[in-house]
4 protein chains.
Amino acid sequence: MTAQATSVLRIGVIGAGIMGSDHAHTLRRSVRGAEVTAVADVDLARALAAASTENGEGARAYDDAHALIGDPSVDAIVIASHDSVHAEQVVAAVRAAKPVLCEKPLAPTLAEGMRVLQEIGATGDALLSLGFMRRFDPGYVQLRAAIDDGTIGTPVLVHNISRGVSGAPNATSEFSITGSAIHEFDVVPWLLRSPVVEVSWVAPRRSSQVHEGLQDPQLIHLRTADGVLSTCETFLNARYGYDIRCEVVGETGAISLTEPARVRLDAGQRHGIGYAADWRPRFADAYRIELQAWVDSVLAGEPTPLATGRDGVVASAVAEAVITSMHEGGRVTKVGQ
Amino acid sequence: MTAQATSVLRIGVIGAGIMGSDHAHTLRRSVRGAEVTAVADVDLARALAAASTENGEGARAYDDAHALIGDPSVDAIVIASHDSVHAEQVVAAVRAAKPVLCEKPLAPTLAEGMRVLQEIGATGDALLSLGFMRRFDPGYVQLRAAIDDGTIGTPVLVHNISRGVSGAPNATSEFSITGSAIHEFDVVPWLLRSPVVEVSWVAPRRSSQVHEGLQDPQLIHLRTADGVLSTCETFLNARYGYDIRCEVVGETGAISLTEPARVRLDAGQRHGIGYAADWRPRFADAYRIELQAWVDSVLAGEPTPLATGRDGVVASAVAEAVITSMHEGGRVTKVGQ
Amino acid sequence: MTAQATSVLRIGVIGAGIMGSDHAHTLRRSVRGAEVTAVADVDLARALAAASTENGEGARAYDDAHALIGDPSVDAIVIASHDSVHAEQVVAAVRAAKPVLCEKPLAPTLAEGMRVLQEIGATGDALLSLGFMRRFDPGYVQLRAAIDDGTIGTPVLVHNISRGVSGAPNATSEFSITGSAIHEFDVVPWLLRSPVVEVSWVAPRRSSQVHEGLQDPQLIHLRTADGVLSTCETFLNARYGYDIRCEVVGETGAISLTEPARVRLDAGQRHGIGYAADWRPRFADAYRIELQAWVDSVLAGEPTPLATGRDGVVASAVAEAVITSMHEGGRVTKVGQ
Amino acid sequence: MTAQATSVLRIGVIGAGIMGSDHAHTLRRSVRGAEVTAVADVDLARALAAASTENGEGARAYDDAHALIGDPSVDAIVIASHDSVHAEQVVAAVRAAKPVLCEKPLAPTLAEGMRVLQEIGATGDALLSLGFMRRFDPGYVQLRAAIDDGTIGTPVLVHNISRGVSGAPNATSEFSITGSAIHEFDVVPWLLRSPVVEVSWVAPRRSSQVHEGLQDPQLIHLRTADGVLSTCETFLNARYGYDIRCEVVGETGAISLTEPARVRLDAGQRHGIGYAADWRPRFADAYRIELQAWVDSVLAGEPTPLATGRDGVVASAVAEAVITSMHEGGRVTKVGQ
């Protein structure tokens, strides 16, 4: 209706795959104070597709992430590119003094992640946020509040289950850990307010539906400094649906996530709810709320409430310890040693 | 980060009670393209409270709705004032050529509602939206999509239940209909894409927990033009929680809303989920999505997807027929006769 | 192991259709103190099939119910024959001074039922039990206990839903009432401890999947003497599953039956439980407990805790009033007038 | 009604504590073909109480189990005495050539259990059944049938949770394994039709609500010969309710037990179901069906479908391996080595 001067964050999105396109869409449609002014992808056609909007007011498209980072019409950066280039893009964004929200992981390995943190230093710490969106999922937020309120007494045990319909065809056993279970490695210590200090890994029977190089499902144990034990089942190819569960068991009660379905169907002699085919509908609220929180805090010049680069490195250290346990017959392994 | 020219809708909110304050808060925190520039309330202190924000950039406060309507820094109006003044405020907003989103009801009676529509004419039709937020609740949206998709076959029956913790102390039996059940009078024909043509009313046993002037609960039947029968239980003082249910029964299946809880608690020998104490948490998503849809369409200069003034009058005509049935021993009553 | 003198009730089962065979099977396998010594059916082959057991110790088979009733090796009678012959068989059993458990209805019409009661007199009252098995379903029993305990405050409203997969092909609109909804006509006043005094009937949209002579589904209102209103949806051809629901709404809470499934399946992007195809698995516990209670009380020479002939006539009076309402445009109709 | 010669199993129950009294009650009220002719307990008053019935026809009471075993009016024995005397009572019953249903465990240790089996030999194998009642719980039975039917594809993982309200005050960490988790050690291989070959043990944070000598909860892993991994959480003092869960995860789906509640309550801003305070209501159906199956097969002179003495020793071998793992820092331990 009225053109007016107001605070707007002009955002460049790097990566126009499923995640990047989704972020661009959410920023444009549901996040106040956000404007997508540029999209970059190695495939320029994909960048162009994600840059254009229904009403024609498109953003600039790049096939070079560094050109986008340098664009003066870009105030802040969302990185949703291939995992292998996150690190260098984060470094470049920080050098350009632009706030950056990087999808996990910060880097493919712990060592590289630590190098990035060292390279970007304190300035980078202030500019960098990591996309562990579960911290903004209303269910997880309520679990944490209930723990804090003493609703279930002191926690003693946490059970996590993460099942997907079908993993990437070339997913490795290590990828299950660094690409999927890493969400639990972040959210569990966040829920309990206690770091993971020790892990172990064990293989259930391997599903015959996946290639031989992949142990799927996997079962991981995390021990946090408070003594609580957390189990994490990670099953990339569970077939039946995208299903995320978390139950926190305390000394006097237990609290768990519900299935986030809005409707229930009676048909064909079954009574039930549907599963999403992938993570996006399940975590749509979490992404929207996370992006809004990021934009709000950047515009306000305040520290973001998102996970930090350091949180990302901490989660990678847990992942590394789990991989060590996997390679060493499941032995209990200290984190960061 | 950056001050920049962009499209923003400057909104004045009339009414700074629970609903108005909530709308102002949602507009400010979660709706892109919206700015609250003014708040009016007959109680100036309330207006001031709702006008000020945490970060100090407040909106103007008025104790006179008409002053707000005339304020040139207000592009569009949200009316959440006392039901009795909706009509005149809508007329004033339309005269000022400003888009207006009026909470239901448009007017306390059908006759007044019709007069408003006549008075504002075609111009008003284009400017006026009614706040039947259930049309934007993700659960109701999925029910409607499932009906459209044939998931349950042709609908034959709809069961609605609307229970609250405690109604206003002075609520009358008529208010249950015009103030609460009216949401069902709007959402049922919207779900079925068929208007209500006939109604009847019946009294369950009256709860002894309410004053004698109030029949609570009430049971209402709606017949839509497609022949489907809808039952509506309205219980303002059900005590146990705010509980909204809707089940659509078709020729081959049935589909219903789930309880929208995110966590489930095991404690004290019970396994269960919590209820909200009132409608706001239950419909927070619906309000946010409705307000975003309104702002988006106003900024785009397009017709809004919200309920129209005409929809409001249609719902009032149903309410009037139900009240007639109530006063005439529950007889089956045609709508609009 | 040991042959020994002990109290055993030698039972003759009349009717070897689905219900009669089921009763014979339950009596033989799960009811202590019961022995099935005879089975009668107009189709002798069916009687023979139901009379023989896996281990070869069969019962006598008759094609004449009256021969079975007269058989001196039969102490007590279960009637599960065609509805049209219940009345005469009950009279014959009472004349033979044998305790009799008659499946509902006692007679096809209220007048005939009353004639039976008159004919059998006080002796018959003591010998006759009616098979309203829901009174023994653990769920209904818990609902009643909760009402008695004040768990939900004074009841104000009851919602009943009774849906089947597919009714008999020649079922009439009247049969929905006398053959299906009659279970609600018995169980509602039993739950509330208050008789039905007034009823009304209304037609939802008719399912196009049934023949034109059948109004399916139907909606019935019952008013008990305590003022509570009960709604009963009866849908013989709901297709999706056999689904019985009951919710009692009180002044401070509500209590309802759960779906009695023992397992929950995640498959094919759905999370849910299965429905039975008909009433037998749903009410298997109720039938077993009812038959055990009948046998126990007969052996003990005590009045049975089952529904009486009088209860059956009372339910028929309600059914008759509902049919009157159906034939008179849904008008509110007193029971027994 | 009629005293008649028929097959009846005259049962002596040893142990008149909670379990023994419950069995006597179930046998008397709900199991056909069973008669309780004697009850023994070291506390004669308890034996007398359990021996007497409401209608006065009591059983004989003994304070000496061996007198009961020798009683010629006892055809078969149920042992529900203290765990420490199961072994000798089983041996005595077998020597008396009487069928015996012994509550788990057969003996306090694996070695003793094996000695019992050796002592009773092949004759004893035929006479002895073990009370692993979960094999008769309708939920577990349906899980097993679903696995057999391929409903979830090949199983890969089983999650078991066993939580109680409060354990015995003097329960030890070892007792959690031999007295509680042993049910999972039996039911998991029964479900999967594959023996447990390897186990490991891990301690979650210890609940501060229990004495220091007890690690509660505990987490146990079982590996069956088919490669499937099963997790077993055992929490004796979970406080909130008696809660037994089992989920079998397959290559294409997952199936789990539901909470076996019959009613659902809305009250006090909560929507939910209740938990039992202990195991008896949860497994009442399982006990009844198990006892009926035992009586039926003994009367028919056929092998019982219950767990055998050998099954009990196999479960004890698993328990012993778990205790070894517990004492050796959680190392993976082969069963039977």
Side-chain angles (χ1 to χ4, degrees), chain A residues 1-10 27-35 55 73 75-76 98-99 137-143 145-146 151-153 246-247 249-250 252-268 271 273 285 288-289 292 295-296 298-301, chain B residues 1-10 27-35 55 73 75-76 98-99 137-143 145-146 151-153 246-247 249-250 252-268 271 273 285 288-289 292 295-296 298-301:
Chain A
M1 174 127 301
T2 292
Q4 185 204 344
T6 187
S7 277
V8 166
L9 188 68
R10 299 172 308 173
L27 287 166
R28 265 189 201 115
R29 299 291 293 269
S30 309
V31 178
R32 60 178 283 118
E35 192 177 353
N55 58 12
S73 79
D75 302 322
K98 296 186 178 179
D137 175 72
Y140 279 105
V141 168
Q142 288 183 35
L143 288 187
T151 306
I152 57 166
C246 180
E247 179 185 33
V249 186
T252 60
I255 192 159
S256 55
L257 300 179
T258 57
E259 303 83 12
R262 305 285 193 151
V263 297
R264 185 186 290 129
L265 178 65
D266 287 313
H271 168 83
I273 58 173
D285 279 347
R288 179 181 54 77
I289 297 169
Q292 185 69 66
V295 168
D296 286 349
V298 170
L299 284 175
Chain B
M1 176 124 301
T2 292
Q4 184 204 346
T6 187
S7 277
V8 166
L9 189 66
R10 297 172 310 172
L27 287 165
R28 264 191 201 114
R29 300 291 293 269
S30 309
V31 178
R32 61 179 281 119
E35 191 177 352
N55 57 12
S73 80
D75 302 323
K98 296 186 176 178
D137 175 73
Y140 280 104
V141 169
Q142 289 183 34
L143 288 186
T151 306
I152 57 165
C246 181
E247 180 185 31
V249 186
T252 59
I255 191 160
S256 55
L257 299 179
T258 57
E259 303 84 10
R262 303 286 192 151
V263 295
R264 186 185 289 128
L265 178 65
D266 287 313
H271 168 82
I273 59 172
D285 278 347
R288 178 180 55 78
I289 298 169
Q292 185 70 66
V295 167
D296 286 350
V298 170
L299 283 175

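Fair warning: this is a prediction, and the values are worked out from it, not measured in the lab. Per chain, numbering begins at 1; letters A, B, ... match sequence-line order.
- Counting heavy-atom pairs closer than 4.5 Å to chain B, the top residue among A/Ile255, A/Val249, A/Thr252 is A/Ile255.
- Among B/Gln292, B/Gln142, B/Arg264, the residue making the largest number of heavy-atom pairs under 4.5 Å with chain A is B/Arg264.
- Here A/Asp296 contributes atom CG and B/Arg29 contributes atom CZ; the two are 6.5 Å apart, rounded to the nearest 0.5 Å.
- Of the listed residues B/Leu257, B/Ile289, B/Val141, B/Asp137, the one with more heavy-atom pairs under 4.5 angstrom with chain A than any other is B/Leu257.
- Ranked by heavy-atom pairs shorter than 4.5 Å toward chain A, the options B/Ala267, B/Gly139, B/Gly153 are led by B/Gly139.
- For the residue pair A/Glu247 and B/Asp266, the shortest heavy atom distance occurs at OE2-OD2, 4.1 Å.
- Contact of the B/Ile152 side chain with the A/Leu265 side chain is registered, since non-hydrogen atoms from C-beta on lie closer than 4.5 Å.
- Heavy-atom distances place the side chain of B/Ile273, and not its backbone, under 4.5 Å from chain A.
- Here the side chains of B/Arg262 and A/Glu259 are not in contact, with every heavy-atom distance at 4.5 Å or above.
- Heavy-atom distances place both the backbone and the side chain of B/Ala34 under 4.5 Å from chain A.
- Contact detail for B/Asp285 and A/Arg288: the closest heavy-atom pair is OD1-NH2, 4.4 Å.
- Here the closest non-hydrogen pair linking A/Arg32 and B/Leu27 is NH1-O, 2.7 Å.
- Annotation for A/Thr258 and B/Val263: closest pair CG2-C, 3.7 Å, computed over non-hydrogen atoms.
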